[in-house]
Amino acid sequence: MSNFSAWDWKPGSRVVADLSARAADYEWREEPIASPDGESVACIVKQPDAGFTVLVNDEFWEQEFEKAWYLRHAPDGRLTCLVMSEDEWTVAVDGQPWESRFGFAWSTVFAPKSSAIGVAVQLDGKYGMAVDDQPWEQMYENANNWLLSDDGSHSAAAVQVKSLGQADIDTFAKGVFSAAIDGEAWEQNFVSVWSLAFNSDSSRLAAEVRLSQYEYTIAVDGKPWEQIFQSVWAPCFNPTSGGVVAPARMGGKWFLCEDGRKLWDKPFTQLWSQKFSPGGERLAAIVATGLGHWTVAVDGQPWEQSFNGVVMDLTFSPNGRSLACMGKDDNAWWVMVDGQRWCGGYDRAFPPQFSPDGKHCAVRLDRGGRYSLCVDGKVYSEDFDMLWDPTFGPESDRILIRAIKDGKYLRRVASLGDILG
């Protein structure tokens with residue numbers, strides 16, 4: 001978990017690392033990533049006539065690997081990398097590889113409310129997950145849709161539980177897939193299993209399942225809803241009622257359902273990515289009210305403003321009072337907050353970030369290959385070669401800027417007053 005209140009929030013700017021300082025010590029490097037607290041920048045590097053390692057600020061990890069990829073920070077700031085030595089893959093955390101070795105490893109996942117680290121793995125031709133260096137005891141012929149619960153106590157994936165020969169349509173139609181928790185599969189099989197979701201205390205698991213060629217529904221703890229639909233999308237748990245909420249297609253239209261029954265009576269041309277506010281009082285989803293009319297519906301009521309391309313990155317403020325998203329019209333991206341276009345016309349706009357008090361919103365922008373920041377609709381006076389998502393300070397009056405400019409990685413804490421003027 002991130003302890004961002006303890007970060008250095010004193011206003012000011014400083015160069016943390018000159019990215020060219022050790023260029024003579026490696027042949028090439030991959031794209032750098034900044035730590036959540038902004039105190040370090042890291043990249044995978046290929047050393048001359050040698051293997052791969054990771055450069056953090058001006059220091060290399062001590063260990064060298066045959067291959068390295070997928071460099072990611074855990075929420076608590078630890079740096080992870082998938083590495084290969086002697087033709088076996090594992091996870092290295094802050095330079096220390098796990099003891100477990102795999103035929104391959106990919107898709108590192110993190111638990112936002114714990115220190116758990118999970119990874120999808122292949123071991124002796126079987127597939128499953130490993131969490132904190134411990135692989136599942138039971139592995140499968142196929143696995144996908146990897147998931148780690150918020151508290152990190154359980155992991156899950158969609159798994160193939162029966163063998164399937166080539167063109168064996170009859171066996172496939174009877175169901176060869178299920179969902180597995182910590183490696184143990186549900187007793188029930190389905191034709192297909194997709195998106196999974198844990199509830200808040202990790203005691204229940206829901207999944208999108210296919211029952212036959214044309215029948216879809218949601219299964220909870222292995223038991224499918226009684227209602228069958230033309231299609232469904234990814235489920236989530238209602239934090240207030242404990243029910244399972246999922247989009248379902250009926251009569252050619254999409255409705256939002258809870259435990260198999262309509263939760264929103266209003267139908268949409270498309271509906272997905274439903275999300276509850278942090279307290280569970282409000283429910284929003286990305287919807288299409290017609291062909292090329294993408295917008296957001298809150299508690300069943302769509303916003304008036306829409307986009308002809310796409311809407312994504314639905315984000316509630318911490319107090320649940322505000323809601324933001326990114327929308328694309330033709331080739332231009334816009335920010336929309338509480339139903340109003342807020343700033344836009346950019347090459348790209350990235351997921352919105354709210355302040356802890358929910359009163360301010362900031363986004364990262366791409367303008368012709370240069371990156372900048374937009375706060376409450378006002379674009380920051382400076383642009384950068386590279387910029388990471390901004391983070392508001394614990395008092396909501398400062399913003400942490402992590403950026404690269406002129407080959408140097410800098411960490412800056414700017415006051416909101418200086419940005420907004």
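The analysis underlying the following values was restricted to heavy atoms, covering all of them including side chains, and did not include hydrogens, waters or symmetry mates.
A salt bridge links K10 with D8; the closest basic N to acidic carboxylate O contact falls under 4.0 Å. By the 4.0 Å N-to-carboxylate-O rule, R101 lies too far from E86 to be salt-bridged with it.
Judged by distance alone, the side chain of T90 and the main-chain N or O of P97 form no donor-acceptor pair under 3.5 Å.
Put simply, the side chain of W342 does not reach to within 4.5 Å of the side chain of P352, judged on heavy atoms. Q47 is not listed as a side-chain neighbour of E27, based on a closest heavy-atom distance of 4.5 Å or more. Looking at N238 and F276, their side chains come closer than 4.5 Å, going by heavy atoms from C-beta outward. At least one side-chain heavy atom of D201 sits under 4.5 Å from a side-chain heavy atom of N199. The shortest side-chain heavy-atom distance between T295 and M336 falls under the 4.5 Å cut-off. Within the 4.5 Å cutoff, the side chain of K275 has no heavy atoms near those of the S273 side chain. In this structure, V335 and M326 have side chains that are in contact, with non-hydrogen atoms separated by less than 4.5 Å.
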### Task
Tell me, with the steps shown, if S241 and E258 meet side chain to side chain contact (heavy atoms under 4.5 Å, CB included).
CA-CA 10 Å; S241 69; E258 179 168 2; 2.4 Å; yes
### Query
Checking side chain to side chain donor-acceptor pair (under 3.5 Å) for the pair D338/S322: CA distance, chi angles, key distance, verdict?
CA-CA 6 Å; D338 296 332; S322 285; 3.1 Å; yes
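Under the 6.0 Å distance and 45° angle rule, R348 counts as a cation-pi partner of F350.
For an aromatic pair to be called close, the ring centres must be under 6.0 Å apart, and W136 with Y127 fails this. Taking the six-membered ring where the residue is Trp, the centroids of Y346 and W333 are separated by 6.0 Å or more.
Heavy atoms of other residues, nucleotides or ligands lying less than 6.0 angstrom from CD of E184 number 12 at most. Annotation for R321: atom CZ does not count as buried by contact number, only 12 or fewer foreign heavy atoms lying within 6.0 Å. Other residues, nucleotides and ligands contribute more than 12 heavy atoms inside 6.0 Å of the NZ atom of K405.
Minimum interatomic distance between W334 and G345 (heavy atoms only, all atoms of both residues): CE2-N, 3.6 Å.
Residues passing the side-chain hydrogen bond (donor to acceptor under 3.5 Å, both in side chains) test with N142: none are found, sequence neighbours excluded.
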